[in-house]
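Just so we're clear, the structure is a prediction, and the values are computed from it rather than from any experiment. Below, read A as the first sequence line, B as the second, and so on, with proteins coming before strands; counting in each chain starts at 1.
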Amino acid sequence: MLGPVDVVAPSLLGCWVVTDRPEGQVALRLTEVEAYSGEGQDPASHAHRGPTPRAEIMFGPPGRLYVYFSYGVHWCANVVVGPEGRGSAVLLRAGDIVLGEEVARARRPAARVARDLARGPARLTQALGIGPYDRGLDLLAPESPVRLHHGSAPATVSAGPRVGISQATELPWRFWETGAPSVSVFRAGGTGRGGKRPGRRAGQDGAP
DNA sequence: GCATTGATCTTCT
DNA sequence: GAAGATCAATGCA
């Protein structure tokens with residue numbers, strides 16, 4: 001859990017994220033993550049500007065859960081890594097549901113096949129039932145309702161550019177299990193919609 | 001299949 | 001005021 005974030009991040013692949021809720025237990029095996037450094041060389045990180053009220057969890061002790069609200073609609077989950085004060089974290093991007101699929105399906109009615117249950121950071125968070133009430137939870141504590149467990153490391157790990165950002169896109173800080181179906185939709189930078197989406201900030205001004 | 005668009009919070013300019 | 005670590009519904013081929 002300690003060390004450079006781009007070294008710790010791929011070591012989380014294959015780990016299990018387990019959530020215990022009244023409606024049931026859900027376990028997920030991580031297949032895709034992204035590293036975000038707080039050390040200043042990473043302008044795409046929320047920690048780049050320092051400990052704002054939103055990102056202050058990132059500067060806390062390692063093993064904590066950083067949850068943030070994205071695009072006014074979605075919640076995304078990160079694991080804080082590195083020592084206190086550094087501000088490095090790993091974004092949980094995708095995984096495979098291994099326990100409690102029925103509970104996850106109930107939370108994600110839009111998912112038509114199992115692969116879609118946790119394909120993408122906001123979907124993963126929703127399938128696990130993680131929300132703002134979980135901010136700052138200790139993922140390493142046995143009594144925590146959201147926990148991180150060691151699992152089987154993937155046979156092969158791939159690395160490539162991060163998705164959905166416009167700065168520091170050259171850093172190969174996205175890591176995924178090679179061949180995992182739950183990450184296939186995220187094509188390595190450039191070929192997909194990631195790189196070429198001009199002026200997508202529409203709406204709003206179209207009032208008659 | 002693929003491209004477009006709405007939703008609407010946090011932070012910076 | 002504008003952009004962002006996004007998703008899902010819609011329209012068209």
Round to the nearest Å and state the distance from L91(A) atom CG to dG4(C) atom C1'. 13 Å
For V98(A), which fellow cluster members are found when Ile, Leu, Val, Met, Phe, Trp and Tyr are connected by side-chain heavy-atom distances below 4.5 angstrom, either directly or through intermediates? W16(A), V18(A), L99(A)
Using a cut-off of 4.0 Å on non-hydrogen atoms, how would the nucleic acid contact of R112(A) be classed: base, sugar-phosphate, or nothing? nothing
Where along residues 73-83 of chain A does a heavy atom come under 4.0 Å from DNA chain C, residue by residue in number order? H74(A), N78(A)
Between dA5(C) atom P and Q167(A) atom CD, what is the distance in whole Å? 8 Å
Using a 4.5 Å side-chain heavy-atom cut-off and chaining through intermediate ILVMFWY residues, the residues clustered with V73(A) come out as none
Under the 3.5 angstrom rule, does the side chain of S11(A) hit a backbone N or O of V8(A) as a donor-acceptor pair? yes
H46(A) NE2 to dA3(C) P, straight-line distance once rounded to whole Å: 16 Å
For A44(A), which contact category applies under a 4.0 Å heavy-atom criterion: base, sugar-phosphate, or nothing? base
Would you please determine if the base of dA5(C) is stacked by Y68(A), with stacking meaning a centroid separation under 5.5 angstrom and planes under 30 degrees? no
D6(A) vs R174(A), salt bridge (Lys or Arg N to Asp or Glu O under 4.0 Å): CA-CA, chis, key distance, verdict: CA-CA 9 Å; D6(A) 55 319; R174(A) 181 169 64 106; over 6 Å; no
Quote, to the nearest angstrom, the P distance that separates dA3(B) from dA5(C). 22 Å
Would you say the side chains of D96(A) and S182(A) form a donor-acceptor pair under 3.5 Å? yes
Atom pair distance, as rounded to whole Å: CG in L124(A) and P in dC7(C): 10 Å
So, using ring-ring contact (aromatic ring centres under 6.0 Å, His included) as the criterion, who are the partners of Y66(A) when residues are at least two apart? Y68(A)
Quick one: is dA8(C) close enough that its OP1 or OP2 comes under 4.0 Å of any side-chain N or O from R108(A)? yes
Side-chain (R93(A)) to main-chain (L124(A)) donor-acceptor, under 3.5 angstrom: no
Contact residues, residues 51-59 of chain A to DNA chain B [heavy atom, < 4.0 Å]: T52(A), P53(A), R54(A)
Has the side chain of Y71(A) got a donor or acceptor that lies under 3.5 Å from a partner of the other kind on the base of dA5(C)? no
Among the nucleotides dC7(C), dC12(B), dA5(C), which one has an atom lying closest to any side-chain atom of R49(A)? dC12(B)
Note every stem involving DNA chain C: at least three consecutive Watson-Crick or G-U wobble pairs, i with j then i+1 with j-1, with both distances under 3.5 Å. B:1-7 with C:6-12, B:9-12 with C:1-4
Would a distance-only check, ignoring hydrogens and angles, find a side-chain to backbone donor-acceptor pair under 3.5 Å from D116(A) to A111(A)? no
Rounding to an integer number of Å, can you tell me how far D116(A) CG sits from dA8(C) P? 8 Å
Without decimals, in angstroms, what is the distance between E34(A) CD and dG4(C) P? 15 Å
Determine, stepwise, if the pair L12(A) / H150(A) fulfils side-chain contact (heavy atoms from CB on, under 4.5 Å). CA-CA 8 Å; L12(A) 292 178; H150(A) 286 292; over 6 Å; no
Is the phosphate of dG4(C) approached by S166(A) (side-chain N or O, under 4.0 Å from OP1 or OP2)? yes
Whole angstrom is fine here: how far is it from CZ in R123(A) over to P in dA5(C)? 18 Å
Testing the basics here: between L65(A) and A77(A), what is the closest heavy-atom pair and its distance to 0.1 Å? CD1-CB, 4.1 Å
Length of the CZ-C1' vector between R119(A) and dA8(C), whole Å: 12 Å
Is there a donor-acceptor pair under 3.5 Å between the side chain of R123(A) and the backbone N or O of R119(A)? yes
In short, M1(A) meets L140(A) closest at the heavy-atom pair CE-CD2, 4.2 Å
